Amino acid sequence: MPSAIIVEDEVLAAERLRVLLEESGVVLLKVFHHAQPALDWLAVHEADIVFADIGLPEITGLELVERIKRVAKRQPEIIFTTAYEEHALRAFELAAVDYLLKPIKLTRLQTALERVSKKYQEKADDFTHFKVFSRDRMMEIPWQQARYLLAENKTVYLYTGDGISYDLPKTLLYWEELLGDKVIRVHRNALVFRHTLDCLIRMDDEEDESNATWGAKVLDVEKPLAVSRRQLAAIRRVLKDKT
């Protein structure tokens, strides 16, 4: 599910958008009524999408996006919201994904979200190699040789089929978004490449299956990876599709 923040000075408009995002399965991280606090937050935190009202006080939505490009920890996708159409051209010049007219309709919002999803998928389709350092030299590892990514102690590690691990820059969320359908999250700290996901394994003798502990068996990896309960259904769907 994508994450988002809302930057909207009209309380009722912000609340309406919040409800629509909830219905659309978007994780809303923050609501800001002014641009500067949003900029300060984005300098430290990450969000997939920024919903920016163009008619913000002090710093307009258009100015906000120009500043986001300079200060954001990670560049989010931009969807503008406004009651007027005259800024549409400038909005798209700023590489906005979409431009929603108020009052925002659910179907129109979902179209905008589909465009965001398509952009992420295009990035995933373009990705071919990991660039890693090993013995003080740069190496390129085709993503097909990877088995899983694991986040430990604020570092993300890439594990390949031969059991070697490499440090990766960025966060696990960054790689999840970049790799798209190439991976599936099995736990809050682990992503497995779908083509290497073999099966689910019971890790306990619990009679009640609803309380069972599961592990994901990964190709060429001896020890199963821990699976969180919230990811269990999604993993089962992936395995079913592979059969």
Side-chain angles (χ1 to χ4, degrees), residues 1-127 169-181:
M1 294 186 293
S3 61
I5 67 169
I6 295 172
V7 191
E8 169 62 72
D9 63 316
E10 297 178 17
V11 175
L12 291 179
E15 176 60 16
R16 175 178 173 80
L17 181 53
R18 182 196 69 77
V19 172
L20 294 177
L21 291 175
E22 184 175 305
E23 292 181 26
S24 302
V26 175
V27 178
L28 182 60
L29 302 175
K30 280 280 191 178
V31 176
F32 299 96
H33 297 300
H34 292 83
Q36 190 57 55
L39 284 169
D40 295 340
W41 188 89
L42 286 167
V44 179
H45 304 90
E46 299 180 0
D48 298 323
I49 309 167
V50 172
F51 289 88
D53 176 34
I54 287 182
L56 293 169
E58 299 175 8
I59 301 173
T60 69
L62 297 172
E63 293 170 331
L64 166 66
V65 172
E66 290 177 339
R67 298 188 189 190
I68 285 175
K69 293 180 183 297
R70 297 196 297 268
V71 307
K73 182 179 180 181
R74 175 173 63 86
Q75 292 299 316
E77 302 296 341
I78 305 297
I79 297 177
F80 283 110
T81 63
T82 182
Y84 308 99
E85 295 186 8
E86 63 263 26
H87 297 297
L89 178 60
R90 180 60 182 142
F92 287 112
E93 287 176 350
L94 290 169
V97 172
D98 214 333
Y99 186 99
L100 303 180
L101 290 176
K102 301 176 186 177
I104 299 170
K105 294 180 173 60
L106 179 59
T107 54
R108 185 66 184 84
L109 171 63
Q110 290 174 340
T111 297
L113 293 173
E114 287 171 4
R115 290 180 177 176
V116 173
S117 178
K118 185 177 179 180
K119 286 194 70 173
Y120 280 122
Q121 188 57 53
E122 288 171 350
K123 291 178 183 178
D125 291 342
D126 291 340
F127 184 84
K170 308 289 187 178
T171 64
L172 197 65
L173 178 60
Y174 168 87
W175 291 109
E176 184 176 28
E177 293 169 350
L178 178 64
L179 294 167
D181 287 341

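Not measured: the values here are computed from a predicted model. Values below: all heavy atoms of this structure, side chains included; hydrogens, waters and symmetry mates excluded.
Two residues are said to be in side-chain contact when any heavy atoms from C-beta on lie closer than 4.5 Å; Leu179 and Phe127 meet this criterion. When side chains are defined from C-beta on, Thr81 does not count as touching Ile54, because their heavy atoms never get closer than 4.5 Å. Counting heavy atoms from C-beta outward, Val97 and Ile78 have side chains that stay 4.5 Å or more apart. At a threshold of 4.5 Å between non-hydrogen side-chain atoms, the residues Leu106 and Ser24 count as touching. Looking at heavy atoms from C-beta onward, Val50 lies out of side-chain contact with Ile79 at the 4.5 angstrom threshold. Looking at Ser3 and Ile49, their side chains never come closer than 4.5 Å, going by heavy atoms from C-beta outward. Looking at heavy atoms from C-beta onward, Glu176 lies out of side-chain contact with Leu178 at the 4.5 angstrom threshold.
Atom-to-atom distance recorded for Leu39:CG and Arg67:CZ is 6.5 Å, nearest 0.5 angstrom. One distance of note links NZ of Lys69 with CD of Gln75; it measures 6.0 Å at 0.5 Å rounding. The CD1 atom of Ile59 sits 11.5 Å away from the CD atom of Glu66 when rounded to the nearest 0.5 Å.
The shortest non-hydrogen separation linking Val116 to Glu77 is CG1-CG, 4.1 Å. Listed here is the closest heavy atom pair of Ala47 and Pro76: O-CB, 3.3 Å. For Ala4 against Val26, the heavy-atom pair with the smallest separation is CB-CG1, 3.8 Å.
Evaluation of the side chain to side chain contact (heavy atoms under 4.5 Å, CB included) rule for Pro37 yields Phe32, His34 as partners, not counting sequence neighbours.
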Side-chain polar contacts of residues 11-22 - donor-acceptor pairs under 3.5 angstrom, sequence neighbours left out - could you list them?
| from | atom 1 | to | atom 2 | distance (Å) |
| --- | --- | --- | --- | --- |
| Glu15 | OE1 | Arg18 | NE | 3.0 |
| Glu15 | OE2 | Arg18 | NE | 3.3 |
| Glu15 | OE2 | Arg18 | NH2 | 2.7 |
| Arg16 | NE | Ile104 | O | 3.0 |
| Arg16 | NH2 | Ile104 | O | 2.6 |
| Arg18 | NH1 | Glu22 | OE1 | 3.2 |

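For the pair Trp41 (side chain) and Glu46 (backbone), a donor-acceptor distance under 3.5 Å is absent.
Screening residues 102-113 for side chain to side chain donor-acceptor pair (under 3.5 Å), with sequence neighbours left out, gives Glu8-Lys102, Asp53-Lys102, Asp98-Arg108.
Screening Leu64, Val65, Leu100, Leu101 for a side chain to side chain contact (heavy atoms under 4.5 Å, CB included) with Phe80, the sole residue that qualifies is Val65.
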